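Accompanying notes for the structure given below.
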Amino acid sequence: MSMNIVREMWRKPATISLSIIILSIVVLSLSVNDWSFWLDEAITAEMYSVDTFSELLDQFGIYMGSEVQMPGWIAFMWAWCKLFGSSEYALRSANFLFMGLLLMYFLCILMRRELAGRERKVLWIAIVLSVINPFVLYNMNEARCNIPMFAISFINVLSLWQFMKYGKRIDFLICVCCLVVGYAFNMLYGFLYVAMAAYILYDKSRRHMHWVNLCKGNAVVVTIAVLLFVTFTVYYLITVFGENKGGQIERPGIGNIGYVMYEFTGFGGLGPNKNTLRESDDKVALLLSYLPYIIPLVLCYLALFVHSLRKYWQDKKTDGFFFAFIVGFAVFFIAAFVIQFRFWGRHLFFLYPYWLLFMACCICHFANGGKRMVRVAVLGLFAVLIALSSYRMMFANDYKKENVKMIVDECRRLRLPGEWVYWTESKSTALYYGLNDRVHFASFPEDDSDGGMLVWFNRLRPYKEKEYSEFLELKPQLLYEDREFAVYRFASCGK
């Protein structure tokens, strides 16, 4: 009797939905720790860790890089810092809030009676793909705007989808609010507008929506949203075309697209870590060395895509999600090429929901067709590989960020009284961890320099190989070395 009750419970969509949400919460809770900040985290943490709001506003005049192109998030993190402190775990735990809001909205949609059975399955798969995901889990452990942008954009995409399907006013209001909040949080969120417009134009259900009447009925909300959009657009244009625009001044290429898809498709924990891949002189040879781990997941994707392509015309939702992703990506790439912004996967987090929904539709198609043994084998292997990639991304040493906190502690231990330190990395990480006296930042000793201690970061080799080689000609004493960095002591130069 009790077994029958259990079986009946597991047949209920509400039980499955709640179970997936609980599993997601457990996985996400394991993704954040107090590991050392890396460069970008330290820059933004230094920016919003000031005491007063007026000091925070002053920071926008000091920094003119990409940091000032996410004003809403910086202001939010300043408030979060006041409430929960500025430790690594405290700042990164803000990501729990945004992923919690996303899971809550997922659950609200799943509990709707009018939701079609197939749509509910797509949402179940989308939740799992969003949480057991090496790219998402890696960024969960960063005090950056990446996860907030992902969560807000996913709510935005889902609210538009649900609004166009069922026409509920609440979904329309959520959609408009997310458009404003997301754009305030990050300038790049504006490109999601393009992808959403493409989705609206491609989806045939738009013929049944009375957009003008709906905007009139919510005139106050829409007017405020438009005014805020114009205000932020003007502000962002100033930051982009100012003297020091954000991002790296270099035209992107096919390699950047490949790198984005490498992260989007979950290969991050099966292949080389992102810094090794980015800095490698022979990326093809590097990837070939990981081929035994990569090939099985490639075959799984081929099976999913080939099967889905045969039924592509039957499901406009699959077409709509993929079309929105391609249009948004293409427009972003053109803009990045024009302004010479070399992008990576994290810069396109706002588009990731469309990719995950497209993948959810592909898996749903595949699960409902073909031979059962083939379906079970492909989907089972796919799940194992993505879970393995996620696990390695969270816990394997090869994928951890530089432990700058430990490096600074090691400097203090080895340093002689009054000795100068040449810190070859940017100053933000050193300053955040208190290395702020008698330090030359992003610098090597010059011809007339006194003796001192130099901290060398191995990942800088592709950028500063010449300076490093010249420094080694001084025959410095190696004090400490590991796979990430080395500490040297050298005598005075040119004296």
Side-chain angles (χ1 to χ4, degrees), residues 36-43 65 244 247-253 255-256 259 271-290 340 342 344 397-416 418-433 435-495:
S36 170
F37 283 148
W38 69 289
L39 174 61
D40 284 7
E41 285 183 291
I43 291 173
N244 299 304
Q248 298 171 335
I249 312 304
E250 184 179 335
R251 291 198 190 280
N256 293 92
Y259 187 79
N273 72 51
K274 64 176 187 177
N275 285 332
T276 303
L277 183 60
R278 281 167 56 173
E279 295 156 14
S280 172
D281 294 328
D282 191 348
K283 293 178 173 56
V284 175
L286 178 63
L287 287 171
L288 287 175
S289 67
Y290 285 86
Q340 301 182 56
R342 189 176 61 167
W344 309 106
N397 289 331
D398 289 344
Y399 302 97
K400 287 183 177 178
K401 307 175 184 72
E402 289 172 332
N403 193 349
V404 179
K405 182 163 53 175
M406 183 270 287
I407 296 173
V408 170
D409 289 342
E410 199 65 35
C411 285
R412 290 199 182 100
R413 184 182 69 83
L414 297 169
R415 189 179 192 179
L416 298 175
E419 187 174 30
W420 277 96
V421 174
Y422 289 78
W423 182 268
T424 54
E425 177 60 277
S426 171
K427 67 179 182 179
S428 295
T429 46
L431 289 176
Y432 189 83
Y433 288 111
L435 189 65
N436 52 19
D437 62 307
R438 297 180 69 81
V439 183
H440 293 290
F441 294 111
S443 176
F444 284 85
E446 298 177 356
D447 291 341
D448 59 348
S449 298
D450 292 324
M453 195 166 69
L454 181 134
V455 183
W456 166 251
F457 290 79
N458 289 324
R459 68 177 183 81
L460 297 177
R461 190 178 295 275
Y463 313 107
K464 297 184 178 182
E465 178 66 34
K466 182 174 181 294
E467 295 96 325
Y468 183 54
S469 298
E470 291 174 351
F471 169 74
L472 291 179
E473 291 176 3
L474 299 174
K475 300 189 183 306
Q477 176 190 2
L478 179 63
L479 302 177
Y480 182 89
E481 184 179 27
D482 66 15
R483 67 186 184 91
E484 293 181 350
F485 76 106
V487 180
Y488 298 91
R489 178 167 288 127
F490 61 96
S492 59
C493 305
K495 293 185 180 180

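Please read all numbers here as calculations on a predicted model, not as lab measurements.
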Heavy-atom closest pair, residues [X] and [Y]:
| X | Y | value |
| --- | --- | --- |
| Glu484 | Asn403 | OE1-N, 3.2 Å |
| Tyr290 | Pro272 | CD1-CD, 3.5 Å |
| Leu472 | Pro476 | O-CD, 3.6 Å |
| Ser36 | Glu41 | O-OE1, 4.3 Å |
| Asp437 | Arg415 | O-NH2, 2.6 Å |
| Arg489 | Leu416 | NH2-CG, 3.4 Å |

Could you state the interatomic distance from [atom1] ([X]) to [atom2] ([Y]), rounded to the nearest 0.5 Å?
| X | Y | atom1 | atom2 | result |
| --- | --- | --- | --- | --- |
| Asp482 | Asn458 | CG | CG | 7.5 Å |
| Phe441 | Asn436 | CZ | CG | 7.0 Å |
| Leu454 | Tyr488 | CG | OH | 8.5 Å |
| Glu465 | Glu470 | CD | CD | 10.5 Å |
| Trp456 | Lys464 | CH2 | NZ | 7.5 Å |
| Phe485 | Ile407 | CZ | CD1 | 4.5 Å |

Cys411 and its side-chain contact (heavy atoms from CB on, under 4.5 Å) partner, picked from Val455, Val439, Leu479: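 Only match with Cys411 under side-chain contact (heavy atoms from CB on, under 4.5 Å): Val455.
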Test side-chain contact (heavy atoms from CB on, under 4.5 Å) applied to Tyr432 and Val408, step by step: CA-CA 10 Å; Tyr432 189 83; Val408 170; over 6 Å; no
With heavy-atom distances below 4.5 Å as the criterion, would you say the side chains of Val404 and Trp38 are in contact?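 Counting from C-beta outward, Val404 and Trp38 never come under 4.5 Å.
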So Tyr433 and Lys405, do their side chains get closer than 4.5 Å, heavy atoms only?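 Side chain of Lys405 against side chain of Tyr433, heavy atoms only: contact under 4.5 Å found.
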Going by the angle between their ring planes, with limits at 30° and 60°, are Tyr259 and Trp344 parallel, tilted or perpendicular?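 It falls in the perpendicular class, over 60°.
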Would the Tyr422 and Phe471 ring centres measure less than 6.0 Å apart?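 No; Phe471 has its ring centre 6.0 Å or more from that of Tyr422.
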Quick one about Glu473 and Ser469 (side-chain donor to acceptor, distance below 3.5 Å, no hydrogens or angles considered), yes or no?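 Distance-only check fails for Ser469 and Glu473.
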